[in-house]
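Only one structure is covered here, and it is reproduced in the block below.
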Amino acid sequence: MEKERFYKQPDDQELLDIIAPFAVEGRPGLLPALHAAQEVYGWISESVAEAIGRALQVPLADVFGVIDFYTMLYSKPVGRTIVRVCADPSCSIAGAKEVLDSACEYLGVKPDETTEDGEWTIESTTCLGLCDHAPAALVGDSALASLDPDGVEQWLGLDAKRPTSVIDGDIRVLTRDCGGINPISLEVYRSRGGYLALLKACEEGAPGDVIKEVKDSGLVGRGGAAFPTGYKWESASGAVGQPKYVVCNADESEPGTFKDRVLMEDNPHQVLEGMLLAGYAIEAQKGYFYVRGEYSKAVEIISKAIDEARCAGFIGSNICGIGWDFDIEVRVGAGAYICGEETALFESIEGKRGFPRIKPPFPTTHGLFNKPTVVNNVETLCNIPMIIREGADQFRSYGTDKSPGPKLFCLSGDVMRPGLYEVPFGVTLRHMIEDLAGGVKGGALQAILVGGAAGAFATSEDLDVPLTFEDLRDANLPLGSGVLMVFNETRQIQKILSELAYFFAHESCGKCYPCQLGTQRQYEILDRVVRGTVKSGDKKRLLDVGWTMTDASLCGLGQTAATAVISAMDKWPDLIEE
Amino acid sequence: MGNDITLTIDGERVSVPEGTTLLEAAGKCGANVPTICYHEHCTSYGLCRLCVVEVEGQRVLAAACVAIAQSDMMISTASERVMRARKTILEMLDSAIDLSESPEIEDQLNAYGAEKERFPEGWKRDCEVIDDNPMFIRDYSQCILCWRCVQVCAEDAQYSYAINFSGRGHETSISTFYDQDLTSSSCVFCGQCVGVCPTGALKPKREWLLETGYAQHEIIELTQSKRRKKKRRQERPYQTG
C-alpha cells in the first residue's frame, strides 16, 4: 500500500468510468483495461483488479494470472517513473551494466527496487529493440540512446540522445521513405504512390488475384519462420469459418532486432496498406495490430496513422467504395517475448496469459478467437504494397531465385555503424559488415551472431556466405529475424551465451517442462562457466538440456532456446573447460 | 463414423479410428509411452512432454497425448532422441521439485536411467506449506505444474475458477487471486483438485496432520471446528425456486 501515498486512491466511480469502455468486450478487453487502469493508478491493486474482473466477467484468479504473467503490469506499488535499462548483448558490450550500476547508485536503490520517495523504480530488462543505439534504456515511455554512466542525472531528466534511425544499404525499397525525422504522413505517403496498391486491388483484382500475385512473388515471412506468405493467405482464404482476422505481429522482441520498430515509426502507412491488402485478400473484416508494450512511440504513430487512413476512407466502412468493411485495432503488449509466437499472441489478444497453443490446428483455420486468421510480421506486410503495385516480377528482380526480394538486416554490436541495412538477398556477410557497416570496431572479428538470440554463430570463415535462405541453410546458420550481432576478439563468448540463456529463462512462459525447466538449468550452467566454477559433467549436461529443449519443447521459443549455445559449442569445442 | 487409418508404431502396423491420439494408438499395440501430466478426464495440453515420440519426417518430437494419428505415420516410441528427452526431463524435474512423495515419478526416474541430483545447485522451487483452510493443504514445493487442479477447478469440472497461475517460466506457480487464502476465494472445497493431484502438493488436511504428528482428537478439533456446514444449514434452511 506504500505507493498509494503517491498515486490517488481509486475512486469507485472514476474506476468504473475507466473500465466501462472495455467491459462490453468481455475477456478480450482485459489487457487494454489493465493498461488503462495502470496508466491512472501507477499499478494494479487488488481492489482495482477485482473491479476489472467483475466488470469484464473474468474470474479473479485469471485476472491475477494475467497481471503476473506480463512484466510491465504491476501487482505491487512501483515508482512514478520506471527506468528500464537493457541488459542484452548489444547493450551489454556497450556498457549497459555500468549504466545500470551508476543509475542505481545515483538513486540509492538496487534493480527492481523503488526509491523511498516513490519517484523511481529501476529495472534491468531484456532487449528493448534499440540495439543500434546501445547502451539504451526506457525512462518512462521515452527511449534514450547511447547512455553515459557518468551522466545519470542528465538522462534521468530526459536530457539524452533520442534514437534516430540509421538506415543505409544497397537498395532502398522497404526503407525508401524511412529515415526522416518525422513519420511519413498520409499525404506524403500518397504522393509517393502510397495506397495505389490498395486502390488497384479494389478496382481491378478479385481477392484471389492478390493472393496469386503474392504467391508468385515468392515472399516468405520475415519474422523468423520463413513460411510462404501467399500460401498462408490462400489457406486462410479457403478456410471455413467467419469472421476471418488479420493480425500484424509487431511484438518484435528478439534480441538484436529493431527493423519493425523503424518501419513502424518512420513509415506507418506502408505496413497498414500491407495489412489492408491481406484483409482484402482473405475477405476479413477485422485486423489487430499487436505492438510490444515497450514500443510506445510506435503505438502512438501507428494509432495516428490508422486515424488518418480511416478519415481518408482506406480503413473503416465501404473501403474504396466497393462495399468492403475492414477496421484495424491496435493492441499493446505488456512485456512478454513469447507473445511474438503467433498462437501466444492470439491468447494475449483474447485476454489470457501468453501460453502458446498446440499446433495443429494452425492459425489459418483455427487462429484468433478460433477463427481463420492470417498473422504476418511487420516487415512481411511492408513488402505487400510494392508487390501489388509493381508486380511479382519486379519484386523478384531483387535477390535470388530461391530467396527473392529485398531484406532488412539489423546490424549491432562491434561495428563502426550499427543500423538498419536494406539489401537484396544474396550479398555476403562480408559486404554487410565491411562495406556497409564500416567494419569491426575495437579489434579483429571474433564472431557474428546470425539470426538473433535463437540464432547461431558465424566466424571470419563464414564471411563469404551469401545471405540467402539456401546458402545460410548449407552453412548451418539461420536467417531468423535478420539479426547480425558482431563481436570483436576482446569479447567473452561465454558471457554472451550466459546473457542469451538468461533471456530465455526470463521469457519462457512455463507451459511445457523442457523449456520451463531447461531454460533455467541452461542459464545456471552457463553462469557457472562465466564465474569459472564449472562442474565436472557440465558440458554433457548443457548438451542434454539443449537437445531436449530443441527436440521436445512445445513451441518455437523452447525449440530454439539452445540453438546459439549448441552452435557455439560446435564452433569452439574448448569453450567450456571442465 | 470415421474411417480407420493405419500407421506403424515401432515396426508394427496398427489400425485405429480417425482422430485417435498417438498415445491411444501406442497403447493399442502395447508400446509403453510414459506420461506425467496426462489424465484421461482432463483436457490434454502436452505439458510434461514425457510422452514424446519420434515421427519420421518431422523436425521435432511429437507429444503423443495431443498428436493425432495420421495415415502411414512411422512412429518410434523409444528412439535415442526420445530416450534422451525423457531422461533429461525427469532429471530436471527432480532438480526443481520435491518428488519424495511421488513414487510413480520416482519409478519413472528409475525406468529411464535418470540420475538423481543430475543438476547440482539447480534452483529448487521450495516454498512454505499453505495451510489456509480446514479441508486440505497446499505444498507447492511438490507441485509439478501438471495444471490438473486448475483445469478441474475451471471448465474440466467445477467452474469455480478459484485458482490460476502466478509468475512465468521456472517461477510459475499455482495461485489464487493475489495469493489470497482459499477461504476468501471462489473455492467451494469440492476436493476435485486434491483428487487429481499426482503428487503430494495437494493433500487432505487430516492426512497431513497425521503425518505431522498430531493425535487423532487434535486433528478432529482442528478440522471439524471450522466445518459448520451442517449447523449453517440448520440456521438457514435451503431456499428453493
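Heavy-atom distances place no part of A/Lys352 under 4.5 Å from chain B, backbone and side chain included. With a threshold of 4.5 angstrom between heavy atoms, B/Ile163 approaches chain A through N, CA, C or O but not through any side-chain atom. For A/Phe355, the part lying near chain B is the side chain, with the backbone staying farther off; criterion is any non-hydrogen pair under 4.5 Å. The parts of A/Thr71 that come within reach of chain B are both its backbone and its side chain, each placing non-hydrogen atoms under 4.5 angstrom from that chain. Residue B/Ala63 does not touch chain A at all, counting heavy-atom pairs closer than 4.5 Å. Contacts between A/Leu60 and chain B at a heavy-atom distance below 4.5 Å involve backbone atoms as well as side-chain atoms. Only the side chain of A/Arg353 comes within contact range of chain B, judged by heavy atoms closer than 4.5 Å. Interface remark: B/Ile36 contributes side-chain atoms only to the contact with chain A (heavy atom separation under 4.5 Å). If you measure heavy-atom distances from B/Ile68 to chain A, you find no contacts under 4.5 Å at all. For a residue to count as touching a neighbouring chain, one of its non-hydrogen atoms must lie under 4.5 Å from one of that chain's; by this rule B/Cys146 touches chain A with backbone and side chain alike. Only the backbone of B/Thr176 comes within contact range of chain A, with at least one heavy atom under 4.5 Å from a heavy atom of that chain.
The two atoms that bring B/Ala162 and A/Ala61 nearest to each other are O-CB, 3.4 Å, heavy atoms only. Scanning all heavy atoms of the two residues, the minimum distance from A/Asp68 to B/Gly167 falls at OD2-N, 2.7 Å. Between B/Asn164 and A/Asp62, the shortest heavy-atom contact is ND2-OD1, 3.3 Å.
Under a cutoff of 6.0 Å and an axis angle of 45°, B/Arg49 and A/Tyr513 do not form a cation-pi pair.
Atom CD of B/Glu80 has 12 or fewer heavy atoms from other residues, nucleotides or ligands within 6.0 Å. The environment of CD in B/Glu171 is sparse: at most 12 heavy-atom neighbours from other residues, nucleotides or ligands sit within 6.0 Å. More than 12 heavy atoms of other residues, nucleotides or ligands shown are found within 6.0 angstrom of CD on B/Glu101. More than 12 heavy atoms of other shown residues, nucleotides or ligands fall within 6.0 angstrom of atom CD in B/Glu115. Heavy atoms from other residues, nucleotides or ligands lying under 6.0 Å from OH of A/Tyr502 number 12 at most.
Heavy-atom pairs under 4.5 Å with chain A peak, among B/Ser185, B/Gly122, B/Ala154, B/Gly46, at B/Gly122. Contacts with chain B were tallied for A/Ile44, A/Val63, A/Asp538; A/Ile44 has the most, counting heavy-atom pairs under 4.5 Å. Considering only heavy-atom pairs separated by less than 4.5 Å from chain A, the leading option among B/Leu61, B/Asp179, B/Val82 is B/Leu61. Between chain B and the residues A/Gly65, A/Gly537, A/Cys515, A/Ala336, the largest count of heavy-atom pairs under 4.5 Å involves A/Gly65.
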Exercise. Quick one: do A/Arg541 and B/Glu91 satisfy side-chain contact (heavy atoms from CB on, under 4.5 Å)? Show the steps, please.
Key: CA-CA 10 Å; A/Arg541 274 184 204 106; B/Glu91 287 167 342; over 6 Å; no

Exercise. Quick one: do B/Met92 and A/Gln516 satisfy side-chain contact (heavy atoms from CB on, under 4.5 Å)? Show the steps, please.
Key: CA-CA 10 Å; B/Met92 293 196 296; A/Gln516 169 211 110; over 6 Å; no

Quiz item: Does the side-chain contact (heavy atoms from CB on, under 4.5 Å) test come out yes or no for A/Thr519 and B/His170, once each step is laid out?
Solution: CA-CA 8 Å; A/Thr519 51; B/His170 196 275; 5.9 Å; no

Quiz prompt | Verdict with supporting geometry, B/Gln180 and A/Glu46, side chain to side chain donor-acceptor pair (under 3.5 Å) | solution = CA-CA 10 Å; B/Gln180 285 177 343; A/Glu46 223 172 289; 2.9 Å; yes

Exercise. Could you walk me through whether B/Arg118 and A/Lys540 pass the side-chain contact (heavy atoms from CB on, under 4.5 Å) test, one step at a time?
Key: CA-CA 11 Å; B/Arg118 171 90 196 277; A/Lys540 177 78 168 45; 3.7 Å; yes

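Within residues 505-512 of chain A, the residues that have a heavy atom under 4.5 Å from a heavy atom of chain B are A/His506, A/Glu507, A/Ser508, A/Cys509, A/Gly510, A/Lys511, A/Cys512, listed by number.
Contact of the A/Thr550 side chain with the B/Val60 side chain is not registered, since no non-hydrogen atoms from C-beta on lie closer than 4.5 Å. Under the 4.5 Å side-chain criterion, counting only non-hydrogen atoms from C-beta, B/Phe119 is in contact with A/Val545. For the pair B/Val52 and A/Asp551, the minimum side-chain heavy-atom distance is 4.5 Å or more. Residues A/Ile338 and B/Arg168 have side chains not in contact (no heavy-atom distance under 4.5 Å, counting atoms from C-beta outward).
Between the A/Glu524 side chain and the B/Trp123 main chain, a donor and an acceptor come within less than 3.5 Å of each other. The backbone N or O of A/Asp544 sits nowhere less than 3.5 Å from a side-chain atom of B/Arg84 that would complete a donor-acceptor pair.
Distance CD1/A/Ile358 to CG/B/Leu47: 7.5 Å, rounded to 0.5 Å. Distance check, rounded to the nearest 0.5 Å: CD of A/Glu50 to CZ of B/Phe177 gives 5.5 Å. Here the straight-line distance linking atom SG of B/Cys48 with atom CG of A/Leu517 works out to 11.0 Å at 0.5 Å rounding.
Taking the six-membered ring where tryptophan is involved, the planes of A/Phe64 and B/Tyr178 are tilted, since the angle between them lies from 30° to 60°.
Qualifying side chain to side chain donor-acceptor pair (under 3.5 Å) partners for B/Ser95, counting only residues two or more places apart in sequence or in other chains: A/Arg521.
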